[in-house]
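Remarks on the structure that follows.
Reckoned from all heavy atoms, side chains included, excluding hydrogens, waters and symmetry mates. All ligand and atom numbering here is 1-based and tracks the order in the structure.
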Amino acid sequence: MKSINSINGIPLHYARLTNHPYGTIGEQRHFSIDDIFLKVLEDTFEEVFNHCPLGLPDAINTAGIFVAKSGQHAHGCAFDLDAIFWKEKSLVTLNFVHQKLLYLGIESILRKHFGIVLNHLYPHHADHWHMDMSVAVDYHESSKSATLYLQRVLTYIYGKSVIIDGISGPQTRGSMKEVFKRLNISEPITTKANYLKFLDLTAKIAFILSEDKITPLQLLANLEAVINTLPVVNKQEVSQAFNSFVDNHDTSKWINTIKDRHDLESLIDSVLTS
Ligand SMILES: [Zn+2]
């Protein structure tokens with residue numbers, strides 16, 4: 001075990017306190033961590049910040065490494081990543097809906113290094129990524145968290161329409177096959193080398209897309225996603241109001257004039273040839 005208060009020179013912060021609440025940059029702290037696990041974490045963050053267009057951050061916020069919990073945390077072999085703070089920008093994992101592309105770019109790289117990555121839609125993980133090495137890096141159809149990741153990148157990065165429920169079915173598999181073909185990756189996804197290539201290309205594409213200006217269409221999609229998380233009692237009324245806004249003659253005329261982001265096809269071509 002080692003005690004660290006930074007990783008690769010980036011300060012490690014804690015923000016789950018009354019005076020430093022979740023979502024703020026918090027304060028630098030020491031954390032106990034397993035030596036081998038630390039090495040993997042260092043390689044992971046090196047790759048994340050080499051690729052991430054925002055570069056090196058000012059702080060990495062963690063909810064804990066070695067903590068009195070069961071499982072890998074009890075051995076200092078798990079990391080809970082709450083947020084990352086750059087000078088002008090931050091990624092707070094709870095805000096996934098508003099920063100999907102940056103979030104998914106980072107998660108793609110986390111998955112190259114850790115067999116277990118529990119993400120935003122996984123029960124009890126909306127406000128942090130949990131990662132550990134208790135299983136090897138690979139894609140298993142039965143893994144709910146990995147399938148949630150796959151369905152979200154298919155939807156938000158590759159523009160496929162799949163239901164995001166963490167269950168791999170014909171729709172998810174069909175869209176995955178289309179994307180693999182487009183990216184010139186051999187199948188199956190369950191072969192580690194193919195999966196790693198998919199993660200790598202997806203990270204690059206997500207990061208480029210994350211630099212685009214957010215369009216009103218994406219803002220509307222974000223609003224719709226937030227509405228879908230409302231409790232049933234409130235949801236119907238709010239979605240009716242939302243739909244009548246979108247379907248209104250004048251607003252729909254305006255919406256149809258808005259160009260959506262980047263040309264995905266030429267972006268994929270440029271990533272494949274770079
Ligand atoms: Zn955890």
Side-chain angles (χ1 to χ4, degrees), residues 1-8 10-18 20-49 52 57 59-85 90-97 99-100 102-140 142-152 164 166 199 203:
M1 278 288 203
K2 257 194 188 124
S3 176
I4 55 163
N5 68 353
S6 65
I7 292 181
N8 301 341
I10 305 160
L12 266 182
H13 280 215
Y14 186 76
R16 287 189 178 240
L17 299 163
T18 322
H20 295 290
Y22 180 87
T24 66
I25 194 167
E27 59 179 10
Q28 191 171 16
R29 276 222 184 161
H30 275 90
F31 297 88
S32 296
I33 188 165
D34 173 81
D35 294 59
I36 296 165
F37 184 79
L38 174 61
K39 182 77 190 75
V40 177
L41 205 56
E42 285 169 349
D43 292 347
T44 306
F45 282 125
E46 191 182 338
E47 189 177 349
V48 167
F49 299 121
C52 177
I60 294 172
N61 280 40
T62 178
I65 304 169
F66 171 69
V67 281
K69 279 197 211 172
S70 56
Q72 298 298 305
H73 281 294
H75 309 286
C77 290
F79 190 86
D80 287 341
L81 178 55
D82 278 0
I84 301 169
F85 287 85
S90 63
L91 175 77
V92 177
T93 49
L94 190 61
N95 298 336
F96 166 73
V97 164
Q99 289 177 292
K100 296 183 197 86
L102 184 59
Y103 183 107
L104 292 172
I106 292 170
E107 184 172 332
S108 301
I109 295 179
L110 301 181
R111 289 192 173 278
K112 289 176 73 180
H113 299 266
F114 296 100
I116 298 274
V117 178
L118 305 180
N119 51 32
H120 187 74
L121 292 176
Y122 193 84
H124 313 298
H125 288 76
D127 64 357
H128 67 282
W129 275 294
H130 165 100
M131 40 213 182
D132 71 56
M133 308 191 303
S134 58
V135 305
V137 171
D138 213 340
Y139 176 78
H140 297 282
S142 60
S143 161
K144 185 180 169 111
S145 169
T147 304
L148 283 170
Y149 161 80
L150 177 64
Q151 291 170 332
R152 284 179 313 157
I164 301 171
L199 294 173

So that I can check it, does any N, O or S atom in Asp132 come closer than 2.8 Å to the Zn ion (ligand 1)? no
Return the name of the atom in Asp80, of element N, O or S, nearest to the Zn ion (ligand 1). OD1
How about His73: does one of its N, O or S atoms come closer than 2.8 Å to the Zn ion (ligand 1)? yes
Relative to the Zn ion (ligand 1), which of the N, O or S atoms in His130 is the closest? ND1
Does Asp82 form a side chain to side chain contact (heavy atoms under 4.5 Å, CB included) with Val92? I'd like the steps, not just the answer. CA-CA 6 Å; Asp82 278 0; Val92 177; over 6 Å; no
I want to check a possible cation-pi pair here: Arg152 against Tyr103, using under 6.0 Å from ring centre and within 45° of the ring axis as the test. no
Among His130, Arg111, His125, whose side-chain hydrogen bond (donor to acceptor under 3.5 Å, both in side chains) with Ser145 holds? Arg111
How about CD1 on Ile36, more than 12 heavy atoms from neighbouring residues, nucleotides or ligands closer than 6.0 Å, or not? no
